Each structure stands twice: as C-alpha cells, then as structure tokens.
Amino acid sequence: MGRILAVDDDSDILEVLQFILEDSGYEVDTLSDGHYLLDTIEKNAPDLILLDIMLGNMDGRELCKEVKKKAETHDIPVILISASHNISGTLSQDGAPDDFIAKPFDINNLLSKIKNQLRPAA
C-alpha cells in the first residue's frame, strides 16, 4: 500500500502510529529525531511523511520546508501533526505541508487523510 515515515519525539505516539498503520497494510519507518530526517528519507524512500511540529529543539514546519524545497523530496506528501498548533490556514503557503492533523487524532481521520495523499494523481 505504501511506505510511511512517522516522525515524533514521543515514543508512545510512534508506537501507536506504527501499530495503526501496519495494521492497515502500510510499511512503517519511525524516527524520533528530526536531525536525521533527510538522511532517512534518502535511505528509505517513503511515500508519505507524518511529521510532528514539536520535535524537541526542532520545528517540524521548518523540516517540512526543507523537504518541500529539495527537488528529490518535493513530491513526497507531508502531513504535519500537532497538539499545540493549528496550521490548517497556512496549507497554501510555500513549503507548506500537504495536510494537517491535530492531536489527539481520530484514527479514521488519520487513515483517510493518508489515503487521500497516497491516491495516484488523475
């Protein structure tokens, strides 16, 4: 179905995401530190990235901009996740994520947003 890279500094959330996504048929890689994001993308070639905004001393929004500005990774859908930020109004800005999910998230909503992003372009 697709390979998903989940990035969050909370190991419990990563564990839950991995369980839910693998149970839904996805291959899942997890990363708890944003410093290795671009290396992990290059090594694992994910079809979609779930990226937390608050990653310790890193900002997921800035990491998303890095992913979106590189020609090799620009087309990988990025869904930002956050409990403390609502960025749905900034989804059209340059370097913006493809979608946003607020924590705590509804599992069906999460899976629906992932499915929409992985749907082949017509």
Side-chain angles (χ1 to χ4, degrees):
M1 282 184 72
R3 177 179 290 275
I4 296 175
L5 174 60
V7 186
D8 199 308
D9 60 350
D10 185 326
S11 61
D12 292 334
I13 290 176
L14 281 180
E15 195 174 302
V16 168
L17 283 171
Q18 185 166 13
F19 177 79
I20 292 168
L21 296 172
E22 286 179 348
D23 192 54
S24 298
Y26 296 103
E27 290 180 55
V28 181
D29 296 305
T30 61
L31 188 62
S32 60
D33 187 333
H35 288 100
Y36 306 106
L37 178 64
L38 295 175
D39 291 337
T40 303
I41 291 170
E42 186 176 319
K43 186 175 96 178
N44 298 344
D47 298 306
L48 182 137
I49 301 167
L50 291 174
L51 181 60
D52 189 29
I53 289 180
M54 302 298 289
L55 287 168
N57 62 353
M58 299 189 81
D59 187 328
R61 294 169 292 195
E62 294 303 316
L63 291 170
C64 180
K65 287 179 187 174
E66 289 293 316
V67 169
K68 292 299 184 180
K69 80 177 186 182
K70 290 183 62 138
E72 307 83 35
T73 58
H74 179 269
D75 292 330
I76 300 172
V78 177
I79 299 176
L80 284 184
I81 302 173
S82 179
S84 59
H85 296 81
N86 185 345
I87 59 136
S88 55
T90 64
L91 292 176
S92 60
Q93 294 179 356
D94 193 36
D98 297 278
D99 210 338
F100 171 77
I101 297 173
K103 289 181 190 175
F105 49 82
D106 174 79
I107 293 171
N108 291 325
N109 183 41
L110 171 73
L111 294 173
S112 174
K113 286 182 180 258
I114 289 171
K115 189 176 181 181
N116 285 341
Q117 291 298 328
L118 292 176
R119 182 175 294 140

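Keep in mind the model is a prediction, meaning the values are calculated, not measured.
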Compare all side-chain heavy atoms of Leu5 with those of Leu48 and state whether any distance is below 4.5 angstrom.
-> no
Ion pair check, Asp10 and Lys103, cut-off under 4.0 Å | no
Backbone N or O of Arg3 within a donor-acceptor pair of the Asp47 side chain at under 3.5 Å?
-> yes
Donor-acceptor pair, Lys68 side chain versus His74 backbone, under 3.5 Å?
-> yes
Do any N or O atoms from the side chain of Asn44 and from the backbone of Pro46 form a donor-acceptor pair under 3.5 angstrom?
-> no
Is any side-chain heavy atom of Ile4 closer than 4.5 Å to a side-chain heavy atom of Leu50?
-> yes
Could you state the interatomic distance from OG (Ser82) to CG (Asp52), rounded to the nearest 0.5 Å?
-> 6.5 Å
Sorted by chain and number, sequence neighbours left out, salt bridge (Lys or Arg N to Asp or Glu O under 4.0 Å) with Asp9 holds for none
Just how far is it from atom CD1 of Ile107 to atom CZ of Phe19, taken to the nearest 0.5 Å?
-> 9.0 Å
Are Leu14 and Met54 connected in the hydrophobic side-chain network, where two residues link if heavy atoms are under 4.5 Å apart?
-> no
Closest non-hydrogen contact found for Gln117 with Ile79 is CG-CD1, 4.0 Å
Quick one: closest heavy-atom pair of Leu55 and Leu51, and the distance?
-> CD1-CD1, 3.8 Å
Non-hydrogen atoms of Cys64 and Leu80 that approach each other most closely | CB-CD2, 4.4 Å
To the nearest 0.5 Å, what is the distance between CD1 (Ile49) and CG (Leu63)?
-> 9.5 Å
Could you state whether Val78 and Phe100 fall into the same hydrophobic cluster, counting links through intermediate Ile, Leu, Val, Met, Phe, Trp or Tyr residues with side-chain heavy atoms under 4.5 angstrom apart?
-> yes
Enter the distance from Ile114:CD1 to Arg119:CZ here, rounded to the nearest 0.5 Å.
-> 13.0 Å
Nearest-0.5 Å distance, CG of residue Asp8 to CD1 of residue Ile13 | 4.5 Å
What distance do Lys115 atom NZ and Leu110 atom CG have between them, rounded to the nearest 0.5 Å?
-> 13.0 Å
What one should report as the nearest heavy-atom pair of Leu38 and Val67 is CD2-CG2, 4.1 Å
Side-chain (Ser24) to main-chain (Ile20) donor-acceptor, under 3.5 angstrom | yes
Would one find more than 12 heavy atoms of other residues, nucleotides or ligands at under 6.0 Å from atom CD of Glu22?
-> yes
What heavy-atom pair brings Ile81 and Phe105 nearest, and what distance separates the two atoms?
-> CG2-CD2, 4.3 Å
Partners of Glu62 by salt bridge (Lys or Arg N to Asp or Glu O under 4.0 Å), sequence neighbours excluded?
-> Lys65
